[in-house]
Amino acid sequence: ARVAFEGALAEAVEARAAGRPIPYDIDRLRLLLRMAEFAQVVLRAVMTVRMPRNLDTFSHWLGRAGRVLDHVQALLPD
């Protein structure tokens, strides 16, 4: 998704510079690109976390991770 957003953003910037109609909302593309980059960072962090040995520890960790994501979502614009 990140590569697609980068390509669409480059296409829109180029179209604007050439005076052609812009098929996309550039600000929205920039926001989507930042969100995709953030998602990659979160996924990379999750992939490096060691799995707990028992299910109770894992469910506690998962609950905390969900609360962190809820907090991050509250920070994002609608």
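Here the structure is a predicted model, which is why all the values come from computation and not from measurement.
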query: Which heavy atom in Glu11 sits nearest to a heavy atom in Pro23, and how many Å separate them?
result: OE2-CG, 4.0 Å
- prompt: Should Val46 and Leu69 be regarded as members of a common hydrophobic cluster, given that ILVMFWY residues are connected when their side-chain heavy atoms come within less than 4.5 Å of each other, either directly or indirectly?
  reply: yes
- prompt: After noting the C-alpha distance and the side-chain angles of His71 and Leu75, does the key distance pass the side chain to side chain contact (heavy atoms under 4.5 Å, CB included) rule?
  reply: CA-CA 7 Å; His71 178 70; Leu75 296 175; 3.9 Å; yes
task: For Glu14, check side chain to side chain donor-acceptor pair (under 3.5 Å) against everything at least two apart and list the hits.
output: none
message: Nearest 0.5 Å, please: how far is CZ in Arg30 from CG in Asp25?
response: 10.0 Å
query: Which atom names give the shortest non-hydrogen contact between Ala12 and Tyr24, and what distance separates them?
result: CB-CD1, 4.2 Å
- request: List the steps and the verdict of side chain to side chain contact (heavy atoms under 4.5 Å, CB included) for Leu43 and Met47.
  value: CA-CA 6 Å; Leu43 182 58; Met47 296 299 289; 4.2 Å; yes
statement: Pro21 and Ala15 have their tightest heavy-atom pair at O-CB, 3.9 Å
task: Taking all heavy atoms of Ile26 and all of Ile22, pick out the closest pair and write down the distance.
output: CD1-CD1, 4.1 Å
field: Between CZ on residue Phe5 and CE on residue Met35, distance to nearest 0.5 Å
entry: 8.0 Å
message: Just verifying a value: how many Å separate Asp27 CG and Leu32 CG, rounded to the nearest 0.5 Å?
response: 11.0 Å
